[in-house]
2 protein chains.
Amino acid sequence: MDNETSLRNERKRGSGVKVVYDILRDEILDLELPPGSPIDEVQLSERFGMSRTPIREALVRLAGEGLIDTLPNRSTMVSQIDFLNMHSYFDALVLMYRVTTQLAAKYHRPEDLEAVRALQADFAAAVEAQDALAMISTNAALHLAIAESGRNSYFTSLFSRLLNEGRRILRLYYQSYNDRLPRRFVEEHDEIIEAVAARDIELAERLAREHAEQIVAQIQKLLVRGDRLDVRL
Amino acid sequence: MDNETSLRNERKRGSGVKVVYDILRDEILDLELPPGSPIDEVQLSERFGMSRTPIREALVRLAGEGLIDTLPNRSTMVSQIDFLNMHSYFDALVLMYRVTTQLAAKYHRPEDLEAVRALQADFAAAVEAQDALAMISTNAALHLAIAESGRNSYFTSLFSRLLNEGRRILRLYYQSYNDRLPRRFVEEHDEIIEAVAARDIELAERLAREHAEQIVAQIQKLLVRGDRLDVRL
DNA sequence: TGCATATTTCTTGTCGACAAAATAAATACA
DNA sequence: TGTATTTATTTTGTCGACAAGAAATATGCA
């Protein structure tokens, strides 16, 4: 009996949806379920050892975040990455980097920075270990922590969505992260965190913008080179 | 037999969720269901003449947009308006006004402006008729149309959420809209639309910012005066 | 054989029923 | 009479079954 179905009888009422949602979400963002993968409710209900009802609820939530697309009465599938409108993604990403970092400099509390610095240490460790997958996720966690210290839930929720979407895009290209750029990102993070700590709003905003544009330029370079992994799109 | 249950037998498969979602959403935004109202699944299933399954799906979607709050195993209710963190709402609203208008000036197509101008006419008519409720909804529709012509779905979806939330807030205060301000908004709209049409990105951004700050100042004035309708919070 | 139509199969959408959890009500006890 | 414990009620979470829609397959006909 595998891990998931073995939990069938000891599951608390109401927890099933969250389990399914979390696992599917991670599998989609990690491209274990690549864009276009069919989502079959019956198959999932067998896999997780529960009826289709909680499965469907998890799928409705995933659809609400745009991670899956549902055709009425027919097929549900993992949503495509929209490479045609990538510029609108970059616009939104850069703006959210800027504004969340700026607000962090303005509104953070000292205790917020402890968490931020811990995540920055995680990121530095991932860079040191040349673990590209860990870099992607710790980088997202770090910037989200900075954003949360800015205390604007509208911005953090959009930013979170953008960073997740970025996780899918970057995973296509993570090979190329084995170069000198990540170390530079560690230094940039340090500078940003110090500017936030010093409550230097303008500097924090400028550094965040430069950092974001750096990342965007990096992704765009990869896009035109087109040397991505053989993940079916 | 009332309107909703009479549709029971002629409903197309799959349409039930959308009907329930749309109606509940409007009722929440129009404060017919004020914040804190209990949401009873059985009651709703009787009202709409369908089983709890599609009702629940609609509720999951509403919860995803933050319009209702669900406590596990217990009570679902219309979410509260967060008056304590209003400044983060205003920050987000102003920024989205600015950025969506700016992008509209940059990326709109001529045919987009026809729809925008039609909605501006609707808004002007609502002002002329002193219909505060129509002003609120046509104003939101107008700015959303401008945003959509900027073709950045990340920004438009956040903006749409903010405008909806604003619909709830403004509805608390719509009495005070019977003054000279709305006419000024009509003129400001005209200026913004002309700047967008002329593709003057900087001017469009500046006008949008001033317009947004005008609105925010108006709401804030109402908040401190506190002369709101007797809607239970 | 090629195409249109009928049939089957597969997946989703909806239903009614039951079980679990939380609250409300009732009872027991001091 | 006041409080703790037990019981009943209410509401949500989950289930298995069935029906409707769409695609896949089979059949009929030229």
Side-chain angles (χ1 to χ4, degrees), chain A residues 1 4-25 28 33 35-79, chain B residues 1 4-25 28 33 35-79:
Chain A
M1 193 187 289
E4 279 143 8
T5 53
S6 69
L7 296 171
R8 178 165 27 208
N9 297 322
E10 26 186 314
R11 222 180 45 239
K12 271 187 203 121
R13 176 188 168 85
S15 68
V17 175
K18 184 171 162 42
V19 170
V20 176
Y21 170 83
D22 285 341
I23 290 177
L24 287 182
R25 183 170 165 282
I28 292 171
L33 290 175
S37 302
I39 305 283
D40 181 14
E41 296 175 3
V42 177
Q43 191 181 311
L44 289 173
S45 76
E46 284 166 4
R47 171 179 167 195
F48 289 102
M50 59 183 80
S51 86
R52 280 174 51 226
T53 308
I55 302 284
R56 275 179 71 84
E57 182 171 332
L59 294 183
V60 168
R61 283 166 54 176
L62 289 169
E65 298 179 29
L67 291 178
I68 63 176
D69 287 329
T70 302
L71 300 216
N73 285 318
R74 203 84 208 137
S75 74
T76 299
M77 56 172 62
V78 177
S79 67
Chain B
M1 194 187 285
E4 280 142 6
T5 53
S6 67
L7 296 170
R8 178 164 27 205
N9 297 324
E10 26 185 315
R11 222 179 46 237
K12 271 187 204 122
R13 176 186 167 86
S15 68
V17 174
K18 185 172 160 40
V19 170
V20 175
Y21 170 82
D22 285 340
I23 291 178
L24 286 183
R25 183 170 165 281
I28 292 171
L33 290 174
S37 300
I39 305 281
D40 181 14
E41 296 175 4
V42 177
Q43 190 180 312
L44 289 173
S45 76
E46 284 166 6
R47 171 179 166 195
F48 289 103
M50 60 183 77
S51 85
R52 280 173 50 225
T53 308
I55 302 285
R56 275 179 71 84
E57 183 172 331
L59 295 183
V60 168
R61 284 167 55 178
L62 289 168
E65 299 179 31
L67 291 178
I68 63 176
D69 287 327
T70 302
L71 300 214
N73 287 314
R74 204 80 210 140
S75 73
T76 299
M77 57 172 63
V78 177
S79 66

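Naming convention: chains lettered A, B, ... in sequence-line order (proteins, then strands); numbering from 1 in each chain.
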*Any idea which of dA22(C), dT14(D), dT14(C) is nearest the Asn73(B) side chain?*
dA22(C)
*Starting from C1' on dC18(D), measure out to CE on Met50(B) and report it in whole angstrom.*
18 Å
*asked:* I need the NZ-P distance between Lys18(B) and dG13(C), as an integer number of Å.
replied: 15 Å
*Would you mind reading off the distance between Asp40(B) atom CG and dT9(D) atom C1', rounded to a whole angstrom?*
14 Å
*State, with a plain yes or no, whether a side-chain heavy atom of Ile23(B) is found less than 4.5 Å away from one of Arg47(B).*
yes
*asked:* Quick check for you: to the nearest 0.5 Å, what is the distance between Glu41(B) atom CD and Arg56(B) atom CZ?
replied: 4.5 Å
*With distance as the sole criterion, do the side chain of Arg74(A) and the base of dG13(C) form a donor-acceptor contact below 3.5 Å?*
no
*Look at the side-chain N and O atoms of Ser51(B) and state whether any lies under 4.0 Å from the OP1 or OP2 oxygen of dC15(C).*
yes
_Value in whole Å for how far the P atom of dA23(D) lies from CE of Met77(A)_ = 12 Å
*In whole Å, what is the span from the CZ atom of Arg61(B) to the C1' atom of dG13(C)?*
14 Å
*Answer yes or no: is there a donor N or O on one side and an acceptor on the other, between the side chain of Ser79(A) and the main chain of Leu67(A), under 3.5 Å?*
yes
*Taking the side chain of Glu41(A) as its heavy atoms from C-beta onward, which of dC15(C), dT12(C), dC15(D) lies nearest to it?*
dT12(C)
*asked:* Judged by each residue's nearest nucleotide on DNA chain D, which is more toward the 5′ side, Thr53(A) or Val42(B)?
replied: Val42(B)
*The single option from Thr70(B), Ile39(B), Val17(B) passing side chain to side chain contact (heavy atoms under 4.5 Å, CB included) against Leu59(B)*: Ile39(B)
*Give one of base, sugar-phosphate or nothing for Ile39(B), where a contact means two heavy atoms less than 4.0 Å apart.*
sugar-phosphate
*Rounded interatomic separation in angstrom, taking CD from Glu46(B) and P from dG16(C)*: 12 Å
*Would you say a side-chain N or O of Arg13(B) is under 4.0 Å from OP1 or OP2 of dT12(C)?*
no
_Rounded distance (Å) that lies between atom P of dT14(C) and atom CD1 of Ile55(B)_ = 10 Å
*Does OP1 or OP2 of dC15(C) have a side-chain N or O of Arg52(B) closer than 4.0 Å?*
no
